[in-house]
Structure formats: C-alpha cells, structure tokens
> 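Attaching a single structure in structure tokens format; questions to follow.
Order of appearance sets the numbers: ligands from 1, and atoms from 1 within every ligand.
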Amino acid sequence: MLTINTFNAISQRGLSLIEEDLNYYLNGSGDPDGILVRSKNLHDFEFPESVKAIARAGAGVNNIPIDECTEKGIVVFNTPGANANAVKELVLANLIASSRNLFSAVGWAQTLQEHGDDVAAVVEAKKKEFVGSEIKGKKLGVVGLGAIGVLVANDALALGMDVVAYDPFISVDAAWRLSRDVNRAMHIDEVWAECDFVTLHIPLTDKTNRLVNGSSFNKMKEGMTILNFSRGELVDESTLGQALESGTVGKYVTDFPNPRVLSMKNVVPVPHLGASTVESEENCAVMATKQLKTYLETGNIKHAVNLPDVELPYSGKMRLTVMHKNIPNMVGQITTALSGFAVNIADMINRSKATWAYTMIDLDHVLTEEEQAGLKQKIESIEGVVSVRLI
Ligand SMILES: NC(=O)c1ccc[n+]([C@@H]2O[C@H](COP(=O)([O-])OP(=O)(O)OC[C@H]3O[C@@H](n4cnc5c(N)ncnc54)[C@H](O)[C@@H]3O)[C@@H](O)[C@H]2O)c1
Ligand SMILES: O=C(O)[C@H](O)COP(=O)(O)O
C-alpha cells in the first residue's frame with residue numbers, strides 16, 4: 001500500500017483517483033510516499049524520509065524547496081498549463097475592469113441605498129467621475145510567453161489591442177501557439193517604455209525576484225497599469241508606493257495582496273483567485289494525482305521540475321530506478337553493481353536535466369527480498385546517488 005497526504009483544498013476529482021484505488025491510503029496515519037499540494041509554503045517543512053515525490057497541483061513551485069528535495073531524492077512535479085485558461089480569463093477581466101474603473105464604481109454604487117428614490121439622479125450626477133477608457137487600440141506588454149502569457153497575448157489581440165511581448169527563453173511549443181501579430185520586444189525596457197498595460201506571466205525565481213523595480217519605474221510610460229497574476233515578489237514594493245503616488249504607475253492590479261501593498265493608493269487587490277475555478281482546480285488535481293501515482297507505481301516521470309521526462313513501458317517484472325547527479329560513469333557503476341546479481345537487463349533509459357539525471361533499468365526477473373536489499377545498498381553507496389527504488 002502507498003500513502004498520499006495532501007495540503008490545501010485539492011479538488012475531489014483528483015482525490016477520488018486515490019480514494020477509489022485499493023492500493024492507496026489518502027491522508028493515512030503512516031509515513032507518506034507522496035504529497036499533493038497547492039500553495040502551502042513547504043520551505044520549513046520536515047520531509048519524512050518516506051517521501052518519494054511531491055506534486056504541486058498548479059504552476060508555481062516557489063513554495064517548495066526544490067534544491068533540498070532533489071538532494072533528498074524527492075521528485076517534484078507541477079501541472080503545466082492546467083490552470084492557464086483560468087488565469088487568462090481573470091487577467092482579461094481585470095484589464096477591462098481596471099480601465100473602466102469598475103471596482104471603485106461598483107463599490108460606490110453599493111452604498112447608495114440611503115438615497116431612496118433619488119438613486120438614479122445621484123448616479124447620473126456622479127458617473128462622470130468614473131469615466132474610463134477602452135482597451136481597444138491600447139498597447140499591452142506581456143512579460144513571459146509560457147502557458148498563460150501566450151493565451152493572454154493572443155486573446156488581447158482579438159480584443160483589438162496592440163500586443164508586444166518579452167520572453168528570451170520562449171519554448172518552441174509556445175512559439176508555435178503564439179499569433180504572428182504579437183510584436184517581439186528584444187529588451188524588457190521596450191515594454192516599460194511603450195505600453196499602457198503590462199501583465200506579468202513569469203515564475204518567481206532568484207533571477208526574477210523584483211524584476212519590476214525602481215529602474216523599471218523610471219523608464220515607464222506615465223500612468224501604466226501593471227497586472228500581476230504571477231507572484232507578489234516580482235515587483236519591488238519599496239519603490240512601487242512612490243511610483244503609484246507620482247502617477248508613473250496608474251494602477252497596480254495584484255493577485256497577491258499584503259499589508260504594505262494594501263496601504264498604497266490605486267492598488268486593485270484580488271485574493272489570489274487566478275486559478276480558482278472549478279475547471280482549473282479539477283484539471284490541476286487530476287493531472288497532479290496521475291503524475292504522482294504513475295511515478296510511485298512505475299517510476300516513469302512526466303512534468304517534473306527537477307528531472308527530465310523519462311518514460312519506458314512498464315513490463316511489471318522488476319524495475320530499478322536511480323536518481324543521481326549528472327556526472328560521468330554513473331550508468332557504468334550502476335550496471336556494474338547489477339552484474340553481481342545474475343540478472344539480465346531487459347531495457348534501460350537514462351536522461352538528464354541540468355545537474356541531475358535519472359536511470360531506469362528493467363530486469364528480466366524478480367529479485368528475492370534479500371537480493372533487492374543488497375542491490376539497493378550497493379547502488380546507494382555510489383557517490384552522487386540520492387534515491388534508489390525497486391518496483
Ligand atoms: N495567480 C494564480 O493563481 C496563478 C496561476 C497559475 C500560475 N501563476 C504564476 O504564473 C507563473 C507563470 O505560469 P505559466 O503557467 O505561464 O508558466 P510557464 O512555465 O508556462 O511560463 C513561464 C514563462 O516565463 C518565461 N520567463 C522566465 N523568466 C523570464 C524572464 N526573466 N523574462 C521573460 N520571460 C521569462 C519562460 O521562458 C516561460 O515561457 C507561474 O510560475 C506562477 O507563479 C499564478
Ligand atoms: O501557481 C499557481 O498555480 C497559482 O498560484 C495557483 O495557486 P493555488 O493552487 O493556491 O490557487
């Protein structure tokens with residue numbers, strides 16, 4: 001039996017894939033083999049030794065200590081694209097709502113009951129204070145052209161916007177999906193200088209932390225609206241307040257409110273709703289659960305953030321999986337260890353991603369318990385190996 005524990009509200013569609021499988025306990029009392037999580041911060045979490053994999057039902061993995069997990073032999077998955085449509089729809093909604101002053105206007109209208117029969121007259125007298133502008137013909141900058149950025153860029157074109165985008169690391173897949181009418185910015189400063197609206201769709205990493213900062217504000221077109229449905233830390237809050245005060249930034253729409261940002265003027269706070277639709281929560285939960293179960297049952301890896309995709313059809317005899325550093329002679333040392341156990345290799349695969357690699361070897365028969373323990377011990381003692389499983 002395998003145990004999967006969960007954090008956060010994971011959609012029932014995903015949980016039932018565990019509950020209905022007699023090989024699994026969901027949130028059992030024993031040590032977990034796998035963890036399903038959304039946004040819970042796991043940076044201070046003590047991972048039990050039993051944990052082999054974590055699946056993030058969502059896109060951002062900045063809440064998970066990836067390097068620590070990798071060193072401990074834990075594979076970390078996410079669900080690329082599974083919530084992209086939900087985020088895109090909310091970004092488009094906020095583009096329009098912010099340029100029409102919708103939230104402040106509605107907030108004001110909700111206070112009018114005391115005017116009784118005069119409400120209509122009060123409305124007509126005051127509505128000039130909420131005059132907005134149309135997004136058609138305005139310039140939108142999209143920073144990051146992954147699953148979400150491409151959808152936003154293409155649909156903004158369809159709404160009549162002029163779109164310029166910046167992503168020096170765009171994938172071939174994303175480039176295929178992007179409309180040819182999206183203009184390419186060669187440097188992020190072009191986005192700051194030219195756009196009426198900028199929307200951020202990049203992951204939070206050491207390199208992107210405070211990507212939008214005092215120097216960006218100095219280059220910005222006056223009155224720009226910034227939409228941040230990626231992560232709060234992408235924007236330097238120590239200089240944002242002044243940029244909002246001076247009108248350099250006209251509005252800051254953020255899915256990540258905090259006390260500091262809430263105290264600034266012209267902030268539109270959204271309570272982290274980007275992925276909060278029934279459809280997106282189901283997509284993420286089902287995809288994360290399937291990836292986690294597949295890894296636990298077969299060793300196959302799809303959509304891990306710390307290892308490459310590695311897939312071999314599972315024959316069901318015996319499979320050896322080894323997670324190790326991407327250094328010379330690892331496969332040689334692993335097969336040498338196997339040679340002491342009179343077993344033939346039926347199939348094998350080795351793939352690497354940056355400094356880490358993963359090797360799967362299918363054996364032509366099932367080893368005894370004693371042989372399994374001996375083989376595991378031998379391979380675990382190889383320098384650079386962080387996880388060994390026999391499935
Ligand atoms: N608000 C929400 O609920 C919500 C939901 C989903 C995702 N997100 C956030 O949005 C982020 C993006 O999601 P996604 O699904 O599009 O991810 P993705 O991995 O598909 O795309 C990210 C893109 O950013 C690009 N990129 C990385 N660094 C860059 C840089 N310095 N400049 C320009 N481009 C850069 C990458 O090349 C990639 O194309 C996630 O990492 C997450 O933090 C938030
Ligand atoms: O990165 C993500 O996928 C989003 O921020 C969604 O987070 P959530 O799963 O907590 O809604």
> Looking at side-chain heavy atoms only, is the closest gap between Cys195 and Lys221 below 4.5 Å?
no
> Could you tell me which atoms of ligand 1, counted from 1 in the order shown, lie closer than 4.0 angstrom to a heavy atom of Gly144?
24 (O), 34 (N)
> Tell me which protein heavy atom sits closest to atom 3 (O) of ligand 2, plus the residue, atom name and distance to 0.1 Å.
Ala59 N, 2.7 Å
> Show which atoms of ligand 2 fall inside a sub-4.0 Å distance from at least one heavy-atom site of Gly58.
3 (O)
> Please state which protein non-hydrogen atom is closest to atom 10 (O) of ligand 2 and give its distance, to 0.1 Å?
Ser39 OG, 2.5 Å
> Looking only at protein heavy atoms, which one is nearest to atom 8 (N) of ligand 1, and what is the separation?
Phe229 O, 3.8 Å
> Tell me which part of Lys207 gets within contact of ligand 1: side chain, backbone, both or neither, using heavy atoms under 4.0 Å.
neither
> I need the single residue from Thr199, Leu157, Leu145 that forms a side-chain contact (heavy atoms from CB on, under 4.5 Å) with Val152. Which is it?
Thr199
> Would you check if Val268 and Thr225 make a side-chain contact, meaning some heavy-atom pair closer than 4.5 Å?
no
> Does ligand 1 come near enough to Val87 that some N or O of the ligand is less than 3.5 Å from an N or O of the residue?
no
> Can you confirm whether some protein heavy atom lies under 4.0 Å from atom 19 (O) of ligand 1, or whether none does?
no
> For the pair Asn213 (side chain) and Ser215 (backbone), establish whether a donor and an acceptor sit closer than 3.5 Å, ignoring hydrogens and angles.
yes
> Return the residue, atom name and 0.1 Å-rounded distance of the protein heavy atom closest to atom 2 (C) of ligand 2.
Arg56 NH2, 3.3 Å
> For atom 21 (O) of ligand 1, what is the nearest protein heavy atom, given as residue, atom name and distance?
Gly146 CA, 3.2 Å
> Please list, in number order, the atoms of ligand 1 under 4.0 Å from a heavy atom of Gly274.
1 (N), 2 (C), 3 (O)
> Does atom CZ of Arg177 have more than 12 heavy-atom neighbours from other groups under 6.0 Å away?
yes
> Quick check on contacts: which atoms of ligand 2 are under 4.0 angstrom from a heavy atom of Gly60?
1 (O), 2 (C), 3 (O)
> Which residue holds the protein heavy atom closest to atom 3 (O) of ligand 1, what is that atom called, and what is the gap in Å?
Ala275 N, 3.2 Å
> Go through the steps to decide whether Phe229 and His201 satisfy the test ring pair (Phe, Tyr, Trp, His ring centres under 6.0 Å), and finish with yes or no.
CA-CA 7 Å; Phe229 284 81; His201 299 296; 7.6 Å; no
> Does any non-hydrogen side-chain atom of Val343 lie less than 4.5 Å from one of Leu338?
yes
> Against ligand 1, does Ser230 come closer than 4.0 Å with any heavy atom?
yes
> Pairs of nitrogen or oxygen atoms closer than 3.5 Å, one from Asn83 and one from ligand 1: do any exist?
no
> Could you tell me whether Arg389 atom CZ has more than 12 heavy atoms of other residues or ligands within 6.0 Å of it?
yes
> I'd like to know if the side chain of Asp362 reaches the main chain of Arg319, judged simply by a donor and an acceptor atom lying under 3.5 Å from each other, with no hydrogens or angles considered.
no
> Under 4.0 Å from a heavy atom of His201: give me the atoms of ligand 1 that qualify, with their elements.
12 (C), 22 (C), 23 (C), 24 (O)
> Parallel, tilted or perpendicular for His187 and Tyr166, by the 30°/60° rule?
tilted
> For atom 35 (C) of ligand 1, what's the nearest protein heavy-atom neighbour? Residue, atom name and distance, please.
Ile202 CG2, 3.3 Å
> I'd like to check which ligand 1 atoms, numbered from 1 as shown, lie under 4.0 Å from a non-hydrogen atom of Pro168.
32 (N), 33 (C)
> Of all the non-hydrogen atoms in the protein, which one sits nearest to atom 39 (O) of ligand 1, and at what distance?
Asp167 OD2, 2.6 Å
> For atom 16 (O) of ligand 1, what is the closest protein heavy atom, and at what distance to 0.1 Å?
Ile148 N, 3.0 Å
> Side chain, backbone, both or neither: which part of Asn83 has a heavy atom under 4.0 Å from ligand 2?
side chain
> Step by step, would you call Asn258 with Glu237 a side-chain hydrogen bond (donor to acceptor under 3.5 Å, both in side chains)?
CA-CA 10 Å; Asn258 64 40; Glu237 290 170 3; 2.9 Å; yes
> What do you reckon, is OH of Tyr314 surrounded by more than 12 foreign heavy atoms closer than 6.0 Å?
yes
> Heavy-atom distances under 4.0 Å decide this one: backbone, side chain, both or neither, for Lys40 against ligand 2?
neither
> Heavy atoms only: which of Ile170, Asp255, Thr205, Asn78 is nearest to atom 1 (N) of ligand 1?
Asp255
> Around atom CD of Glu311, are there more than 12 heavy atoms of other residues, nucleotides or ligands at under 6.0 Å?
yes
> Within the 4.0 Å heavy-atom shell around Pro203, which atoms of ligand 1 are there?
22 (C), 24 (O), 27 (C), 41 (O)
> Look at atom 30 (C) of ligand 1 and say which protein heavy atom is nearest, naming residue and atom and giving the distance to 0.1 Å.
Phe169 CE1, 3.9 Å
> Provide, to 0.1 Å, the distance between atom 5 (O) of ligand 2 and the closest protein heavy atom, together with that atom's residue and name.
His272 NE2, 2.7 Å
> In the protein, what heavy atom is nearest to atom 31 (N) of ligand 1, and what distance, to one decimal place, separates them?
Thr208 CG2, 3.8 Å
> What residue among Arg231, His43, Glu233, Arg56 forms side chain to side chain donor-acceptor pair (under 3.5 Å) with Asn62?
Arg231
> Can you tell me if Gln113 has over 12 outside heavy atoms packed within less than 6.0 Å of its CD?
no
> N/O of Ala147 under 3.5 Å from N/O of ligand 1, yes or no?
yes
> How far is atom 11 (O) of ligand 2 from its nearest protein heavy atom, and which residue and atom is that?
Arg38 NH2, 2.9 Å
> Does a side-chain heavy-atom distance below 4.5 Å link Ile74 with Met323?
no
> According to a hydrophobic-cluster definition based on side-chain heavy atoms being under 4.5 Å apart (Ile, Leu, Val, Met, Phe, Trp, Tyr only), do Ile66 and Tyr358 belong together?
no
> By number and element, which atoms of ligand 1 are closer than 4.0 Å to a non-hydrogen atom of Tyr166?
32 (N), 33 (C), 34 (N)
